K.L.:
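Take a look at the following structure, please.
Just so you know, these numbers come straight off a predicted model, no measurement behind them. Positions are given from 1 along the sequence.
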Amino acid sequence: MTDYATQYAEWQQKRLAALKAPNGWLNIIARVWLAEGTVTVGAAADNDIILSSGPSYVGSLTQDADGQVTYTPADGSAAQVLKLSKYSPPRFTAGNLLLEVTSLNGENALRVRDTTSDAPNQLQPLEYFPLDPTWRITADWVAFEAPKGLTISTSKAIETEVEATHKAVFARDGVTYELLATHGTAEAPQFVIRDQTSRDSTYAACRFVFGEDVTDKTIVLDFNKAINPPCAFTEHAVCPLPPAENVLPIRIEAGEKRLHDR
């Protein structure tokens with residue numbers, strides 16, 4: 001228990017540091033969908049995308065008919081054809097800004113972070129349920145005969161298509177539950193869940209749990225590490241909502257609670 005408690009405290013510190021990092025979720029100042037054509041970006045009023053911070057003129061973004069995006073810096077340096085990726089969006093900097101082009105359902109959006117923002121310092125301490133080792137569960141990791149296609153909604157009411165290849169099956173108080181991994185990686189499958197604590201204690205939309213110690217037969221689900229999604233921290237995030245299978249009829253009193261002002 002002591003080792004687990006120590007490891008858990010370290011995980012909490014890493015979680016907080018990631019949120020407050022320059023590429024975290026607290027300092028985002030804009031997210032704008034891109035369309036075919038060219039738009040200019042910067043803090044000056046004559047830009048197409050006007051930012052609340054940063055250089056007067058960052059540069060321009062050009063999206064062609066095929067959805068390819070080229071960034072041309074305002075300082076005259078060479079244009080960059082961005083290598084678009086859903087999971088690793090291309091990033092570039094301008095002054096105090098960290099910019100990236102994200103992709104969802106074949107549509108692209110510019111997301112901008114202010115690395116000098118004071119927002120990370122304004123975050124109140126995250127609240128957690130008391131650590132409960134019984135919520136660290138080794139579940140059966142069951143592969144489907146064929147990937148299961150799902151239509152998942154999001155916090156912005158944008159429907160997305162995903163494939164689930166496995167389900168985690170575990171028992172709690174004599175009752176068996178199943179959860180679908182709809183995102184993440186093979187090493188850290190991501191479960192988007194909602195349980196009965198969402199009515200009063202946790203973020204209403206969902207929480208995320210990432211599988212650990214994955215083998216071909218088992219997976220560890222540590223609900224003490226259930227976290228608020230990015231959309232709990234910023235309006236500039238698009239978060240998946242849980243599939244019906246992951247809405248649980250029990251209270252999981254473990255992990256992060258909802259934020260003070262949400």
Side-chain angles (χ1 to χ4, degrees), residues 11 14-15 18 23 25 67 83-90 100-109 111 134-198 202-232 237-250 252 254-256:
W11 171 84
K14 291 179 180 178
R15 160 69 173 158
N23 62 346
W25 293 106
K83 187 176 180 180
L84 301 178
S85 169
K86 178 179 179 180
Y87 300 105
S88 297
E100 63 186 352
V101 174
T102 65
S103 300
L104 179 66
N105 290 354
E107 302 290 332
N108 302 315
R111 187 159 62 197
T134 69
W135 276 115
R136 182 176 172 85
I137 297 170
T138 299
D140 294 329
W141 189 225
V142 181
F144 297 124
E145 290 186 3
K148 182 175 182 178
L150 297 165
T151 300
I152 300 292
S153 189
T154 67
S155 56
K156 300 292 188 184
I158 302 169
E159 292 192 341
T160 61
E161 302 299 322
V162 302
E163 285 189 344
T165 61
H166 290 74
K167 64 180 178 181
V169 182
F170 66 95
R172 179 79 179 183
D173 297 328
V175 180
T176 298
Y177 302 97
E178 298 182 356
L179 293 176
L180 297 179
T182 54
H183 299 77
T185 64
E187 296 77 19
Q190 180 180 348
F191 299 85
V192 184
I193 68 167
R194 185 188 307 139
D195 65 274
Q196 296 302 298
T197 63
S198 66
T202 59
Y203 189 62
C206 63
R207 289 188 291 170
F208 294 168
V209 177
F210 291 87
E212 304 175 30
D213 300 333
V214 183
T215 73
D216 59 345
K217 297 293 185 183
T218 62
I219 186 171
V220 172
L221 302 179
D222 192 343
F223 292 98
N224 292 292
K225 297 179 182 176
I227 60 173
N228 288 310
C231 53
V238 180
C239 297
L241 298 180
E245 294 89 337
N246 289 12
V247 179
L248 299 176
I250 56 175
I252 299 180
E256 281 183 9

K.L.:
With heavy-atom distances below 4.5 Å as the criterion, would you say the side chains of Trp141 and Thr215 are in contact?
P.N.:
no
K.L.:
Show me, pair by pair, the donor-acceptor contacts under 3.5 angstrom made by side chains of residues 188-196, not counting sequence neighbours?
P.N.:
unit_1: Arg194; atom_1: NE; unit_2: Ala204; atom_2: O; d: 3.3
unit_1: Arg194; atom_1: NE; unit_2: Ala205; atom_2: O; d: 2.9
unit_1: Arg194; atom_1: NH2; unit_2: Ala205; atom_2: O; d: 3.1
unit_1: Asp195; atom_1: OD1; unit_2: Thr197; atom_2: OG1; d: 3.4
unit_1: Asp195; atom_1: OD1; unit_2: Arg207; atom_2: NH2; d: 3.0
unit_1: Asp195; atom_1: OD2; unit_2: Thr197; atom_2: N; d: 2.9
unit_1: Asp195; atom_1: OD2; unit_2: Thr197; atom_2: OG1; d: 2.7
unit_1: Asp195; atom_1: OD2; unit_2: Ile252; atom_2: N; d: 3.0
unit_1: Gln196; atom_1: OE1; unit_2: Arg199; atom_2: NE; d: 3.0
unit_1: Gln196; atom_1: OE1; unit_2: Arg199; atom_2: NH1; d: 3.4
unit_1: Gln196; atom_1: OE1; unit_2: Arg199; atom_2: NH2; d: 2.9
unit_1: Gln196; atom_1: NE2; unit_2: Leu248; atom_2: O; d: 3.3

K.L.:
Ignoring hydrogens, what is the shortest heavy-atom contact between Ser88 and Ser85? Give both atom names and the distance.
P.N.:
N-OG, 3.0 Å
K.L.:
Just grab all the salt bridge (Lys or Arg N to Asp or Glu O under 4.0 Å) pairs involving residues 148-176, residues at least two apart or on different chains.
P.N.:
Lys148-Glu245, Lys167-Glu178
K.L.:
Say you draw a straight line from CZ of Phe210 to CD1 of Ile227; how long is it, rounded to the nearest 0.5 Å?
P.N.:
5.0 Å
K.L.:
If you compare all heavy atoms of Trp11 against all heavy atoms of Asn224, which two are closest, and at what distance to 0.1 Å?
P.N.:
CZ3-O, 4.1 Å
K.L.:
Thr160: what forms a side chain to side chain contact (heavy atoms under 4.5 Å, CB included) with it, not counting sequence neighbours?
P.N.:
Leu104, Asn105, Ile152, Thr154, Val162
K.L.:
Could you name each residue pair satisfying salt bridge (Lys or Arg N to Asp or Glu O under 4.0 Å) that touches residues 208-224, not counting sequence neighbours?
P.N.:
Arg136-Glu212, Arg136-Asp213, Arg136-Asp222, Glu212-Lys225
K.L.:
If you round to the nearest 0.5 Å, how far is OG1 of Thr165 from CG of Leu180?
P.N.:
10.0 Å
K.L.:
Kindly give the heavy-atom pair with the smallest separation between Ala168 and Leu221, and that separation in Å.
P.N.:
CB-CD1, 3.9 Å
K.L.:
Listed by chain and number, what are the side chain to side chain contact (heavy atoms under 4.5 Å, CB included) partners of Pro229, not counting sequence neighbours?
P.N.:
Tyr203, Cys206, Phe208, Cys231, Ala232, Cys239
K.L.:
Side chain to side chain contact (heavy atoms under 4.5 Å, CB included) with Ser103: which residues, sequence neighbours excluded?
P.N.:
Leu84, Asn108
K.L.:
Can you classify the ring geometry of Trp135 versus Phe223 as parallel (below 30°), tilted (30 to 60°) or perpendicular (above 60°)?
P.N.:
perpendicular
